[in-house]
Colleague: 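Below are the structure tokens for one structure; questions will follow.
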Amino acid sequence: AGIYIHIPFCRKACHYCNFHFSTSLGKAEAVVTSIIKEIGLRSSEMIEEVQTIYFGGGTPSILDTVAIERLLDAIRSHYAVSSDVEITLEANPDDITTEKAKAWKQMGINRFSIGVQSFADENLQWMNRAHTAADSMVCIDKIQEAGFSNFSVDLIYGSPLLHDAGWKRNVDIVIE
């Protein structure tokens, strides 16, 4: 069994995105509180042990670490969670700091899905991303330094500025 938590907040509106989100964090506390309430209300619907918890969005890493911890505490208090549960956090490179990475590790997050999208600044600008290619490289170093080895990197294929050589370069950087 798995639980998906949608965090509908982003720093910027990416030009390719069709997901529900807001670029204003004004209602973040109310949304987190509502999700916690729903976690409790729906707890009787799942009797299996939870094997995966996935924070997606939007951009869950935009929330402060206390909000993520509150959500995890609510899940753990209402559901049987496996001792080796995989807890994934979607994160954008510009949100990852050494302090946040350490806090996420402490609360049990053990996998990242990093929204790099491209290692070419011109593609990132076209997409309206908030980070640079250099930010992507730094964030990967930060999560590895915090002790994470389980992560994926999202790349976008098929944007108008991306040619075959650029795609190969993106893939080569990830493999390296």
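What you see is a predicted model, and the numbers here were worked out from it, not measured in a lab.
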Colleague: Do Val66 and Arg70 have side chains that approach each other closer than 4.5 Å (heavy atoms only, starting at C-beta)?
Modeller: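 Yes, at least one pair of side-chain atoms sits under 4.5 Å.
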
Colleague: Please give me the minimum heavy-atom distance between Gly57 and Tyr4, naming the atom from each residue.
Modeller: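 For Gly57 and Tyr4, the tightest heavy-atom pair comes out as N-OH, 3.4 Å.
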
Colleague: With a 6.0 Å cut-off (strictly less than), is the heavy-atom count around CD of Glu45, excluding the residue itself, greater than 12?
Modeller: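 Yes.
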
Colleague: Would you say that Ile173 contacts Met137 through its side chain, given a criterion of any heavy-atom pair below 4.5 Å between the two side chains?
Modeller: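 Contact flag for Ile173/Met137 side chains = yes.
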
Colleague: How far apart are the closest heavy atoms of Ala74 and Ser77, and which atoms are they?
Modeller: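 The answer is O-OG, 3.0 Å.
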
Colleague: Is Tyr157 close to Leu155 at the side-chain level, that is, under 4.5 Å between some pair of heavy atoms?
Modeller: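 With C-beta onward as the side chain, the pair stays apart.
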
Colleague: Would you check, one step at a time, whether the test side-chain contact (heavy atoms from CB on, under 4.5 Å) holds for Leu71 with Val32?
Modeller: CA-CA 7 Å; Leu71 291 163; Val32 169; 4.1 Å; yes

Colleague: Hey, what do you get for CZ (Arg169) to OG (Ser118), rounding to the nearest 0.5 Å?
Modeller: 7.5 Å

Colleague: Side-chain donor-acceptor pairs under 3.5 Å in residues 97-116, sequence neighbours left out?
Modeller:
{"unit_1": "Thr97", "atom_1": "OG1", "unit_2": "Lys100", "atom_2": "N", "d": "3.0"}
{"unit_1": "Lys100", "atom_1": "NZ", "unit_2": "Ser61", "atom_2": "O", "d": "2.7"}
{"unit_1": "Lys105", "atom_1": "NZ", "unit_2": "Gly147", "atom_2": "O", "d": "3.1"}
{"unit_1": "Asn110", "atom_1": "OD1", "unit_2": "Ile87", "atom_2": "N", "d": "2.7"}
{"unit_1": "Asn110", "atom_1": "ND2", "unit_2": "Val85", "atom_2": "O", "d": "2.8"}
{"unit_1": "Arg111", "atom_1": "NH1", "unit_2": "Thr88", "atom_2": "OG1", "d": "3.2"}
{"unit_1": "Arg111", "atom_1": "NH2", "unit_2": "Ser152", "atom_2": "OG", "d": "3.1"}
{"unit_1": "Ser113", "atom_1": "OG", "unit_2": "Asp154", "atom_2": "OD1", "d": "3.4"}

Colleague: Please round to the nearest 0.5 Å and tell me the distance separating atom CZ of Phe55 and atom CD1 of Ile3.
Modeller: 9.0 Å

Colleague: Is there a path of hydrophobic side-chain contacts, each under 4.5 Å between heavy atoms of I/L/V/M/F/W/Y residues, joining Tyr54 to Ile7?
Modeller: no

Colleague: Is there a side-chain contact between Leu72 and Ile68 (heavy atoms, below 4.5 Å)?
Modeller: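 In contact.
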
Colleague: Rounded to the nearest 0.5 Å, what separates atom CD in Glu145 from atom CD1 in Ile143?
Modeller: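 Interatomic distance, Glu145 CD to Ile143 CD1, rounded to 0.5 Å: 10.5 Å.
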
Colleague: With heavy-atom distances below 4.5 Å as the criterion, would you say the side chains of Gln144 and Asp141 are in contact?
Modeller: yes

Colleague: Please, which pairs that meet ring pair (Phe, Tyr, Trp, His ring centres under 6.0 Å) have at least one residue in residues 59-81, sequence neighbours excluded?
Modeller: none

Colleague: Please say yes or no: joined through hydrophobic side-chain contacts below 4.5 Å, possibly via intermediate residues, are Ile35 and Met46 part of one cluster?
Modeller: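 In one cluster with Ile35: Met46, yes.
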
Colleague: Mind checking the CD1-CD1 spacing from Ile39 to Ile75? Nearest 0.5 Å is all I need.
Modeller: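 Separation between the atoms: 4.5 Å.
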
Colleague: Listed by chain and number, what are the side chain to side chain donor-acceptor pair (under 3.5 Å) partners of Asp84, not counting sequence neighbours?
Modeller: Ser82

Colleague: Can you give me the closest heavy-atom contact between Gly58 and His6, atom names plus distance?
Modeller: N-CE1, 3.8 Å

Colleague: Rounded to the nearest 0.5 Å, what separation is found between the NZ atom of Lys27 and the OG1 atom of Thr33?
Modeller: 12.0 Å

Colleague: Counting only heavy atoms not in Ile47 (residues, nucleotides, ligands), do more than 12 fall under 6.0 Å from its CD1?
Modeller: no

Colleague: Answer yes or no: is there a donor N or O on one side and an acceptor on the other, between the side chain of Asp121 and the main chain of Thr132, under 3.5 Å?
Modeller: no

Colleague: Work out which heavy atom in Pro93 is nearest to a heavy atom in Arg129; give both atom names and the distance.
Modeller: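 For Pro93 versus Arg129, the nearest heavy atoms are CD-NH2, 4.4 Å.
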
Colleague: Rounded to the nearest 0.5 Å, what separation is found between the CG atom of Asp135 and the CD1 atom of Ile140?
Modeller: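 Here the interatomic distance stands at 11.0 Å.
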
Colleague: Would you say CG of Asp172 has more than 12 non-hydrogen atoms from neighbouring residues, nucleotides or ligands within 6.0 angstrom?
Modeller: yes

Colleague: Determine yes or no for a side-chain-to-main-chain donor-acceptor pair under 3.5 angstrom, with Arg11 supplying the side chain and Thr59 the backbone.
Modeller: no

Colleague: Can you tell me if Glu38 and Ser34 form a side-chain donor-acceptor pair at under 3.5 Å?
Modeller: no

Colleague: Taking all heavy atoms of Ser136 and all of Phe119, pick out the closest pair and write down the distance.
Modeller: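 Between these two residues, the closest heavy atoms are CB-CE2, 3.8 Å.
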
Colleague: Please tell me whether Trp167 and Leu124 are part of a single hydrophobic cluster in this structure, the criterion being side-chain heavy atoms less than 4.5 Å apart.
Modeller: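 Trp167 and Leu124: separate clusters.
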
